[in-house]
Undergrad: 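Once you've had a glance at the structure underneath, I'll fire off some questions.
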Number of protein chains: 2
Amino acid sequence: MIVRQAANVLEILEYFARVKKPATLAEIADHFGWPRSSTFNLLTTLADKGYLYEPRPRAGYYPTPRWLVLAREVSEVEPLPAWSRALITSLSSETGETVAIAAPAGVMAVFIDVIESSAAIRYFAHIGHRVPIHATSSGRALLLQYSQDERDSLYRKIEFKQYNPSTPISIDAVEAELSKSVERGYCQSFADYSRDLAGVAVPLPIGERRLSVVVAGPEFRIGDRTAEIAATLKQSVERFRGK
Amino acid sequence: MIVRQAANVLEILEYFARVKKPATLAEIADHFGWPRSSTFNLLTTLADKGYLYEPRPRAGYYPTPRWLVLAREVSEVEPLPAWSRALITSLSSETGETVAIAAPAGVMAVFIDVIESSAAIRYFAHIGHRVPIHATSSGRALLLQYSQDERDSLYRKIEFKQYNPSTPISIDAVEAELSKSVERGYCQSFADYSRDLAGVAVPLPIGERRLSVVVAGPEFRIGDRTAEIAATLKQSVERFRGK
DNA sequence: CAGATAAATTCACCCATATGTACGTTTGCG
DNA sequence: CGCAAACGTACATATGGGTGAATTTATCTG
C-alpha cells in the first residue's frame, strides 16, 4: 500500500527541485490536480515543521535550507569513496554512455551515484532511480555477491513480470543468466527491462557494501561492444580502486 | 489540520539524520510508537520512490543520496551570499552567543542560517527553527521592512498568545515596540516568546529578500549588553556586506 | 535441527482524514 | 475606485487509508 501523503511530500520536493522558484498554493494545487484544501493542509504542515517558508510575503512557498542540512547529515555517513566518483566520471567520458553505481533495495537495485552520458540519445537515469534486481545488468551484478540462500529468499519476493520479450520470468532463467555472467566475466542485459536499453555491469564491493557499476545506453550503440566495455570497466575499477 | 503522514516522512528523515545508521522496520516502529503495519506502509512508500534503500540485506533501511541531490538543487537557487555565513560566524565568536539569519514565513520567522554558540548554556536553535514574528527580536527586524499595509494584513492572522509575561498581546503593543526599535536603532526581546531568552536583531535586506540577523542567548548574559551587541551587529554587517 | 521467538507482511474493518463546499480576502482590471 | 476573478482558509462529511489481529517468514537457542 502506498501512503499517499508521504508520496506527496516527495512530489512537492521534486517539484521545487525542478522549477527552482517559489510557488503559490494555487500553482501547486493546479500542477498536481490536488484540491486546494488538501494542498493547503499539506503546505501548512510542511511550513509548520520548518521545511517551507515564504521568501516574500504572498509570493509563494519555497523549501528552507533545512532539507539540505538533514540530507547532508544522512549522506555524510559512509559516503562513497572519492575514487568511485572519479571512476564513473572517467568511464562515462571513455564510453560516452551513462554510468551508475547501484545498491540493493529489496527486489530492486537503486542507483546511488550516476554520471549521465552527454549524448543526445542516452540512458536517462538519476540518483534514486530503481530497477528490478533480476532483470538488469546492474542488479545481477549485485545478485552475484549474494549467497545462494540469500538469493533464494529474494527470489520468493520477486514478482516475475514480462517487461519485454527477453525478460527472464523464472528463477531458473535468472540463475542461468547469472551462471553465464560468471562465465563471460561480466553481467549484461539487452532490453530485459527497459526497451531499447542495453547495460554492462560488474560487481563493486566497497568495504562491507555490495555495490555494482553499470555502463548503459541504447542497444544500437552498446550492441557488440559489450566485451570491450566490460574490459574497460574492469580495468578502470582496478586502476581507481587503488587511489 | 496537520497531515500526519507528511509529518511522519519528516520525522523519519530527522530520525536518520540523528542516528546516522540504517534502521530496521521494528526499530523505527518502536522508536516512534507507530504500529508495525503502518511503519511498513510508510517505509515501503519511501523505498518505492527511491528515497530509502537497504545498504545490506536485512540490515535495515537508510536514506538514498537522492535527498541530497534534491536538497542541493532547491538550495542552489538564491543561495545566501558567502559573506552572510562569514558574518554570523564572526558575530558568534565575537559575542559568544548563537547567531541566526531569519526570513519571513507567514506569521512566523524561520531561521535559514544558524551558528550556535559554543557555551554550555546557550540558545539552542537550528536551521528551519520557527518563532512568532511579532514576539521575537528577529521577527520584529523583519516586520520593520514591511509596509504598514503589509503589517496590518499580517496582524489579522496572528493569534496573540501570552507566551510569557512580557509577550505583546495586541497590535498596538507590537506597533509600539516597533516604534521603540526604530528609535533605539535595533530590535530586542526579553523572553517575549522563549523563557529566559534575550535577543538583539537588525534588518538585513539582501537583494529583494527581507531578512534579519539576530544574536540570542540567556537573559543573564545579554542583559545590559544589548546596546553593545547591537553596535557590534551593525558594524559587522557593514564590514561584511561589502566583501 | 526442532521449537521458540521475533520480525515482516497481509488483510478487512472502522475511524481519522482528504475533500467539496462555502466564505472571506486579495489582486487585477476597466 | 468598484467590480470580478483568483486565491487562501475553515469546516462538516463520506470515504480512503491506518491499524489490530492473523499469517508468513526469518532468526535464535539449546
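The shown structure was predicted, so the numbers you read here are calculated from the model rather than taken from an experiment.
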Undergrad: With axes from five pairs an end, tell me the bend angle of the helix from dC1(C)-dG30(D) to dG30(C)-dC1(D), nearest 10°.
TA: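 The end axes of the helix from dC1(C)-dG30(D) to dG30(C)-dC1(D) are about 50° apart, to the nearest 10°.
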
Undergrad: What pairs with R18(B) under salt bridge (Lys or Arg N to Asp or Glu O under 4.0 Å), at least two apart in sequence or on another chain?
TA: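 With sequence neighbours excluded, R18(B) shows a salt bridge (Lys or Arg N to Asp or Glu O under 4.0 Å) to no residue whatsoever.
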
Undergrad: If you look only at pairs with a residue in residues 2-13 of chain B, which of them pass as a side-chain hydrogen bond (donor to acceptor under 3.5 Å, both in side chains), with sequence neighbours excluded?
TA: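 side-chain hydrogen bond (donor to acceptor under 3.5 Å, both in side chains) check on residues 2-13 of chain B returns K49(A)-E11(B), Q5(B)-N8(B).
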
Undergrad: May I ask you to establish whether R130(B) and F111(B) are in a cation-pi arrangement, using a distance under 6.0 Å from NZ or CZ to the six-membered ring centre and at most 45° from the ring axis?
TA: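 Judged by the rule (NZ or CZ under 6.0 Å from the ring centre, within 45° of its axis), R130(B) is not positioned above F111(B).
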
Undergrad: What parts of residues 31-42 of chain A reach DNA chain C, counting only heavy atoms under 4.0 Å away?
TA: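 Of all residues in residues 31-42 of chain A, the ones placing a heavy atom under 4.0 Å from DNA chain C are P35(A), S37(A), S38(A), N41(A).
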
Undergrad: Before you tell me yes or no, could you show the steps for R66(A) and E14(B) under salt bridge (charged side-chain N to carboxylate O under 4.0 Å, His left out), namely the whole-Å CA-CA distance, both residues' side-chain angles and the distance that decides it to 0.1 Å?
TA: CA-CA 10 Å; R66(A) 182 139 227 255; E14(B) 289 170 20; 3.2 Å; yes

Undergrad: Take atom CG of L154(A) and atom C1' of dT9(C), then tell me their distance rounded to the nearest Å.
TA: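 Interatomic distance, CG of L154(A) to C1' of dT9(C): 15 Å.
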
Undergrad: Indicate every side-chain donor-acceptor pair of residues 28-37 of chain B with a distance under 3.5 Å to a residue at least two apart or in another chain.
TA:
none

Undergrad: Go through it in stages, so that I can follow the logic: the residues are H134(B) and F160(B), the test is side-chain contact (heavy atoms from CB on, under 4.5 Å), and I'd like the CA-CA distance, side-chain angles, deciding distance and then a yes or no.
TA: CA-CA 9 Å; H134(B) 67 289; F160(B) 290 95; 3.8 Å; yes

Undergrad: Tell me: OH of Y155(B) to P of dT26(C), nearest whole Å?
TA: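 That distance rounds to 15 Å.
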
Undergrad: Rounded to whole angstrom units, what separation is found between the CG atom of L43(A) and the P atom of dA10(D)?
TA: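 After rounding, the gap between these two atoms is 14 Å.
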
Undergrad: Closer to the 5' end of DNA chain D via nearest nucleotide, is it A26(A) or Q5(A)?
TA: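 First, find each residue's nearest nucleotide; the 5'-ward one identifies A26(A).
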
Undergrad: To the nearest angstrom, how far is E27(B) atom CD from dA8(C) atom C1'?
TA: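 So the two atoms are 14 Å apart, to the nearest Å.
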
Undergrad: Once you round it to whole Å, what is the distance between P of dT17(C) and CZ of R4(A)?
TA: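 In whole Å, dT17(C) P lies 14 Å from R4(A) CZ.
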
Undergrad: Using atom CG of N8(A) as one end and atom P of dT17(C) as the other, report the distance to the nearest whole Å.
TA: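 Value for this atom pair: 15 Å.
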
Undergrad: In whole angstrom, what separates K157(B)'s NZ from dC7(D)'s P?
TA: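 Computing the K157(B):NZ to dC7(D):P distance gives 15 Å.
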
Undergrad: A quick test of your reading: do over 12 heavy atoms of other residues, nucleotides or ligands sit less than 6.0 Å from NZ of K20(A)?
TA: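 Counting other residues, nucleotides and ligands, NZ of K20(A) exceeds 12 neighbours.
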
Undergrad: D30(B) has an atom CG; how far is it from atom P of dA8(C), in whole Å?
TA: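 Spelled out: CG on D30(B) to P on dA8(C) is 10 Å.
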
Undergrad: For residues 168-176 of chain B, run the donor-acceptor check on the side chains, cut-off 3.5 Å, and write out each pair with its distance to 0.1 Å, sequence neighbours left out.
TA:
unit_1: S170(B); atom_1: OG; unit_2: A173(B); atom_2: N; d: 3.0
unit_1: E175(B); atom_1: OE2; unit_2: R151(B); atom_2: NE; d: 2.7
unit_1: E175(B); atom_1: OE2; unit_2: Y155(B); atom_2: OH; d: 2.5

Undergrad: Please tell me whether D192(A) and S166(A) have a donor and an acceptor in their side chains that are separated by less than 3.5 angstrom.
TA: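 Yes, S166(A) and D192(A) have a side-chain donor paired with an acceptor closer than 3.5 Å.
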
